Amino acid sequence: MYIVQITPELAPVAKVGGLADVVFGLSRELQLRGHTVEIVLPKYDCLRYDHVWGLHVCYQDLWVPWWGGRVHCSVWYGEVHGRKCYFIEPHHQENYFHRGHFYGSNDDHLRFAFFSRAAMEFLYKSGKHPEVIHCHDWQTGLVPVFLYEIYQHLGMWHPRVVFTAHNFKHQGVTGEYLLWATELGRPEYYFHTDRLRDDHNPHAINMMKGGIVYSNFVTTVSPNHAWEAKSGQGHGLEHTLHVHEGKYGGVVNGVDYDVWNPEVDGYIPHRYGIYNVEEKYRNKRALRDRLWIADNAKPIVAYVGRLDDQKGLDLIRHALFYSIGHDAQFVVLGSAPDPRIGHDWWNLKQHLNNNQDCHIELGFNEELSHLIYAGADLVVVPSKFEPCGLTQLVSMRYGTVPVVRAVGGLADTVFDKDYDWRPLHERNGYVFQHYTGHAMEVTLRRAFSCYWDYPEHFRHLMLNGMRYDYSWNIPGQHYLNIYDYVRDK
Ligand code: ADP
């Protein structure tokens with residue numbers, strides 16, 4: 001099969017969160033199974049160019065319809081760890097992708113609508129006829145709209161579109177001007193509840209809704225979250241998801257075990273696996289050295305992830321103080337897209353600067369994240385909502401026991417040591433239900449007590465997590481089944 005992924009993120013060259021890992025891992029899995037996969041993404045100035053091989057211009061004169069005129073673009077080709085990638089670079093005074101960041105500009109809606117239009121124009125002009133276009137999140141929600149409203153009439157009969165919503169919180173809700181910028185025009189047609197009109201603001205269009213309405217299949221990143229989103233956590237898209245439930249489902253994300261595997265991980269000083277898990281403790285020492293925290297017998301609890309309200313910031317803070325007050329250490333690696341949140345965490349970092357049992361590292365640091373997964377004993381993921389969550393899956397691979405709230409994909413992948421109905425050898429972490437400091441504390445207390453009082457049980461828990469197969473093997477097959485299904489539509 002010939003599949004094109006259109007995406008705003010790809011690990012490790014343009015990574016903000018899990019979406020980047022998903023496109024990276026899924027593409028590899030599909031390639032290994034013999035399918036042709038190409039990835040189209042913006043040529044950001046802040047790409048990690050050290051991970052792109054053989055970058056060169058492959059299509060010089062792409063003219064993208066925009067605001068009634070044409071914007072000149074170059075398309076670059078390069079490989080990212082074996083993945084074939086096309087990077088779109090507009091030559092435009094707005095410098096859409098020369099902003100020093102991936103997201104966070106006032107004109108993000110325009111930037112990504114432009115990218116989607118340019119990606120489709122590129123496929124059309126370069127004569128590419130993929131069987132499946134798989135596009136990701138609101139940034140590419142207009143891709144199927146362009147396909148079925150414009151490019152199909154120009155002869156692109158072949159492709160079918162799968163749209164994956166990685167996070168319903170961000171939908172790309174904006175004004176009528178976008179229709180004129182992209183040259184879709186016809187507001188009387190698109191401002192219809194069956195098309196792009198936002199379900200709550202009749203004067204706005206919703207890019208993610210476009211992705212849902214127009215694509216041939218819609219997925220989100222876990223079955224539990226697929227249900228949650230339809231049943232009240234869809235941030236206003238519940239009705240649309242109900243209307244389209246016949247082509248909607250959830251697939252749990254996989255983890256790329258070529259990258260996230262303590263047996264071969266080049267970012268950690270001591271490799272280990274199920275058979276020499278003790279080596280993990282040498283990484284624990286290396287982590288302490290690196291972060292200047294005390295070397296003692298205490299467990300290390302970690303949080304790795306975006307510092308965003310979604311992630312349960314008050315519970316992370318609560319877990320931090322509870323841990324350092326109860327014979328444990330706590331490590332945070334997080335970046336805050338919102339400067340006010342960044343400021344709060346910077347103050348907390350200053351406040352705890354001299355604490356020997358705690359370290360807060362602010363910023364994005366892929367290399368350090370590997371050492372934390374390898375060196376920590378427990379990872380907390382107390383999210384308010386979590387479509388899938390990769391941190392718990394990665395940490396299990398590294399024998400680091402997850403402590404999670406039972407929402408979204410966390411509930412689909414972590415099973416409580418004490419209370420789950422599964423047999424003991426299938427339990428792999430600690431789970432709590434209610435979004436309260438008390439629930440978090442009680443659960444951490446259970447984990448600490450197991451760590452101190454029943455080290456053998458704790459070790460079994462680590463090994464159970466390491467044995468789980470959360471690779472792309474199963475989800476890769478699910479996506480192929482979906483691609484096969486839409487091909488016949
Ligand atoms: P989300 O997609 O909501 O951000 P996920 O748990 O699905 O959350 O994916 C987060 C991914 O990003 C994981 O691979 C995690 O290790 C990584 N990550 C998040 N924040 C950072 C950071 N500050 N430094 C390094 N890696 C990070």
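Fair warning: this is a prediction, and the values are worked out from it, not measured in the lab. Numbering of ligands and ligand atoms starts at 1, following listing order.
- Distance from atom 8 (O) of ligand 1 to its nearest protein heavy atom, with residue and atom name: K311 NZ, 3.1 Å.
- Each of the following atoms of ligand 1 lies closer than 4.0 Å to a heavy atom of S335: 23 (N).
- The nearest heavy-atom contact from the protein to atom 24 (N) of ligand 1 is N365 N, 3.0 Å.
- Taking each of F364, Y303, F385 in turn, the one with a heavy atom nearest to atom 26 (N) of ligand 1 proves to be F364.
- Residue contacts with ligand 1: C388 is excluded, as none of its non-hydrogen atoms falls under 4.0 Å.
- In terms of modelled atom types and a separation under 3.5 Å, the side chain of Q310 and the main chain of F385 share a donor-acceptor contact.
- A heavy-atom distance below 4.5 Å is not found between the side chains of L307 and S335.
- The distance criterion of under 3.5 Å between nitrogen or oxygen atoms is not met by L19 with respect to ligand 1.
- Checking only distances, D21 does come within under 3.5 Å of ligand 1, N or O to N or O.
- Looking only at side-chain heavy atoms (C-beta outward), T400 and K280 come within less than 4.5 Å of each other.
- Close approach to Y373 involves these atoms of ligand 1, each under 4.0 Å from a residue heavy atom: 15 (C), 16 (O).
- Here the protein heavy atom with the shortest distance to atom 10 (C) of ligand 1 is G18 N, 3.7 Å.
- Not a single N or O atom of V304, backbone or side chain, sits closer than 3.5 Å to an N or O atom of ligand 1.
- Ligand 1 lies out of reach of P387, whose nearest heavy atom is not under 4.0 Å from it.
- Considering only heavy atoms from C-beta on, K15 stays 4.5 Å or farther from F24 through its side chain.
- Shortest contact from atom 19 (C) of ligand 1 to any protein heavy atom: G305 CA, 3.4 Å.
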Do D137 and T164 pass the side chain to side chain donor-acceptor pair (under 3.5 Å) test, and can you show the C-alpha distance, the side-chain angles, and the key distance before you say yes or no?
CA-CA 6 Å; D137 260 354; T164 296; over 6 Å; no

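- The protein non-hydrogen atom at the shortest distance from atom 7 (O) of ligand 1 is L390 N, 3.4 Å.
- Taking a 4.0 Å cut-off on heavy atoms, E361 fails to register as neighbouring ligand 1.
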Show your working on side chain to side chain donor-acceptor pair (under 3.5 Å) between D469 and S471 and close with a plain yes or no.
CA-CA 5 Å; D469 178 5; S471 70; 2.6 Å; yes

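- One option in H370, E366, K15, H166 has a heavy atom closer to atom 17 (C) of ligand 1 than any other, and that option is K15.
- Distances between N or O atoms of R306 and those of ligand 1 include at least one value under 3.5 Å.
- In this structure, R405 is not positioned above the aromatic face of Y435 in the sense of NZ or CZ being under 6.0 Å from the six-membered ring centre and within 45° of the axis.
- Residue, atom and distance of the protein heavy atom nearest to atom 23 (N) of ligand 1 are G363 O, 2.9 Å.
- For the pair K247 and N216, the minimum side-chain heavy-atom distance is 4.5 Å or more.
- Ring geometry for W138 against F112 counts as perpendicular: the plane angle is over 60°, on a 0 to 90° scale with 30° as the lower cut.
- Between T7 and C135, every side-chain heavy-atom pair lies at or beyond the 4.5 Å cut-off.
- Side chains of E9 and V23 form no contact here, defined as non-hydrogen atoms less than 4.5 Å apart.
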